[in-house]
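To find a chain, count down the sequence lines: A is the first, B the second, and so on, and within it residues start at 1. Side-chain atoms are counted along with the backbone in the values below, which use heavy atoms only and exclude waters and symmetry mates.
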Amino acid sequence: DGGITQSPKYLFRKEGQNVTLSCEQNLNHDAMYWYRQDPGQGLRLIYYSQIVNDFQKGDIAEGYSVSREKKESFPLTVTSAQKNPTAFYLCASSGRFISGANVLTFGAGSRLTVL
Amino acid sequence: SQQGEEDPQALSIQEGENATMNCSYKTSINNLQWYRQNSGRGLVHLILIRSNEREKHSGRLRVTLDTSKKSSSLLITASRAADTASYFCATVEGSQGNLIFGKGTKLSVKP
C-alpha cells in the first residue's frame with residue numbers, strides 16, 4: 001500500500017543532542033512537508049520541499065534542518081538550538097489534487113520528548 | 001501564521017446526535033479543506049469545498065461555505081463513537097500554496 005512512513009514513533013532526547021526524524025513516502029509525490037503540533041496550537045509549518053534538492057523555511061524553521069536528496073525521503077533534524085523541541089511532529093506529502101487544490105497525505109507522526 | 005480558527009474548541013455529544021463545527025478564516029480563499037485526526041495519529045483528508053460552492057456532501061458529512069462571512073461549517077450527522085477525533089479546517093496561504101491549519105475542534109462522541 002502507498003503511504004508515508006515516519007520513524008521512530010517515539011523518541012527521547014537529552015538536552016543538547018541533535019535528533020533526526022525520518023519520513024519516507026512511496027506515493028511518488030513531489031512535495032513534502034514537516035509540521036509541528038503542540039497541544040492547543042494546531043499545526044505549524046516547519047519546512048517544506050516542492051522538488052528534490054530544494055526546500056524552503058516555514059513559519060517556525062529556527063532550530064530545525066532538513067534535506068531532500070531523494071524524492072522519497074525528507075528527514076528532519078531537531079538541533080540543540082531548538083529551545084523547546086518536545087512536540088508531535090507530522091510529515092506530509094502532496095501530489096494529489098482535488099478540484100485543482102493541493103491535498104495532503106500525512107504520516108502517523110513522531111512524538112519527541114526532551115528529558 | 002494562522003488562517004483558520006475552529007469553534008468550538010471542544011464538543012461532547014451522545015451517539016446518534018449531530019455534531020457541528022465551525023471554521024473562520026481571514027483572507028480570500030480558493031478552497032477550504034477539512035481534516036480529521038484520531039488521537040496520536042496523523043491527519044486524514046475528509047472533504048474539500050471550492051470557493052464557488054456553498055454546500056457539499058460526503059456520506060454523513062456536510063460542509064457549507066459562506067465566503068461573505070469567511071466561514072465554513074462541518075456537520076456530522078448521526079454521530080458514532082468512532083467519530084471521536086479532532087477536526088481541522090485548512091486553507092491555502094501565500095504564493096507557494098501551503099496549507100495553513102486551524103487549532104481544531106476536539107469532538108467526543110459518547111456511546
Side-chain angles (χ1 to χ4, degrees), chain A residues 3-7 9-10 21 23-25 27 29-51 54-61 87-113, chain B residues 1-10 21 23-26 28-54 56 58 61 63 65 72 85-106:
Chain A
I4 298 179
T5 301
Q6 290 188 240
S7 64
K9 186 166 179 63
Y10 299 97
L21 307 180
C23 179
E24 302 279 333
Q25 55 103 354
L27 299 166
H29 286 173
D30 286 316
M32 296 187 74
Y33 308 81
W34 275 104
Y35 287 90
R36 170 179 171 144
Q37 186 176 29
D38 295 281
Q41 292 200 42
L43 278 69
R44 292 182 288 170
L45 183 62
I46 305 172
Y47 268 99
Y48 63 98
S49 168
Q50 295 189 328
I51 196 168
D54 185 54
F55 49 83
Q56 306 294 330
K57 293 182 179 180
D59 297 322
I60 56 165
F88 190 53
Y89 292 88
L90 287 160
C91 179
S93 69
S94 69
R96 183 164 68 105
F97 290 84
I98 297 176
S99 299
N102 204 12
V103 172
L104 297 186
T105 301
F106 282 84
S110 292
R111 186 169 299 279
L112 172 63
T113 302
Chain B
S1 57
Q2 184 171 313
Q3 171 74 306
E5 190 78 32
E6 291 88 347
D7 171 62
Q9 291 186 0
M21 289 157 271
C23 169
S24 59
Y25 57 91
K26 298 174 183 175
S28 297
I29 59 170
N30 291 321
N31 65 81
L32 183 143
Q33 303 180 35
W34 285 91
Y35 287 76
R36 165 194 168 127
Q37 183 182 33
N38 285 13
S39 181
R41 304 289 295 175
L43 280 71
V44 175
H45 180 264
L46 292 176
I47 194 167
L48 177 149
I49 186 165
R50 300 183 69 178
S51 59
N52 61 354
E53 297 175 310
R54 291 297 168 259
K56 200 162 184 180
S58 177
L61 304 180
V63 171
L65 180 64
S72 173
S86 292
Y87 293 82
F88 296 85
C89 65
T91 55
V92 171
E93 178 178 282
S95 59
Q96 297 296 323
N98 294 323
L99 278 178
I100 304 297
F101 291 83
K103 295 183 179 181
T105 290
K106 190 170 185 178

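- Not a single donor-acceptor pair under 3.5 Å links the side chain of Q37(A) to the backbone N or O of G42(B).
- Scanning all heavy atoms of the two residues, the minimum distance from L99(B) to N102(A) falls at CD1-O, 4.0 Å.
- To the nearest 0.5 Å, atom CZ of residue R44(A) and atom NZ of residue K103(B) are 9.5 Å apart.
- From Y35(A), atom OH reaches atom CG of L43(B) across 9.5 Å, with rounding to the nearest 0.5 Å.
- Other residues, nucleotides and ligands contribute at most 12 non-hydrogen atoms within 6.0 Å of the NZ atom of K57(A).
- Note that OH of Y35(B) and CZ of F106(A) are 6.0 Å apart. Values are rounded to the nearest 0.5 Å.
- Remark: D54(A) engages I51(A), Q56(A) in a side-chain contact (heavy atoms from CB on, under 4.5 Å) (not counting sequence neighbours).
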Apply side chain to side chain contact (heavy atoms under 4.5 Å, CB included) to the pair L90(A) and Q37(B), showing each step before the final yes or no.
CA-CA 11 Å; L90(A) 287 160; Q37(B) 183 182 33; 4.0 Å; yes
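- Atoms CG and OH, on N98(B) and Y48(A) in that order, are 4.5 Å from each other to the nearest 0.5 Å.
- Interface remark: of the candidates G109(A), A31(A), A108(A), A108(A) forms the most heavy-atom pairs closer than 4.5 Å to chain B.
- Within the 4.5 angstrom heavy-atom criterion, no atom of Q6(A) approaches chain B.
- Taking a 6.0 Å sphere around CG of D38(A), one finds it holds more than 12 heavy atoms contributed by other residues, nucleotides or ligands.
- To the nearest 0.5 angstrom, L45(A) atom CG is 6.5 Å from I100(B) atom CD1.
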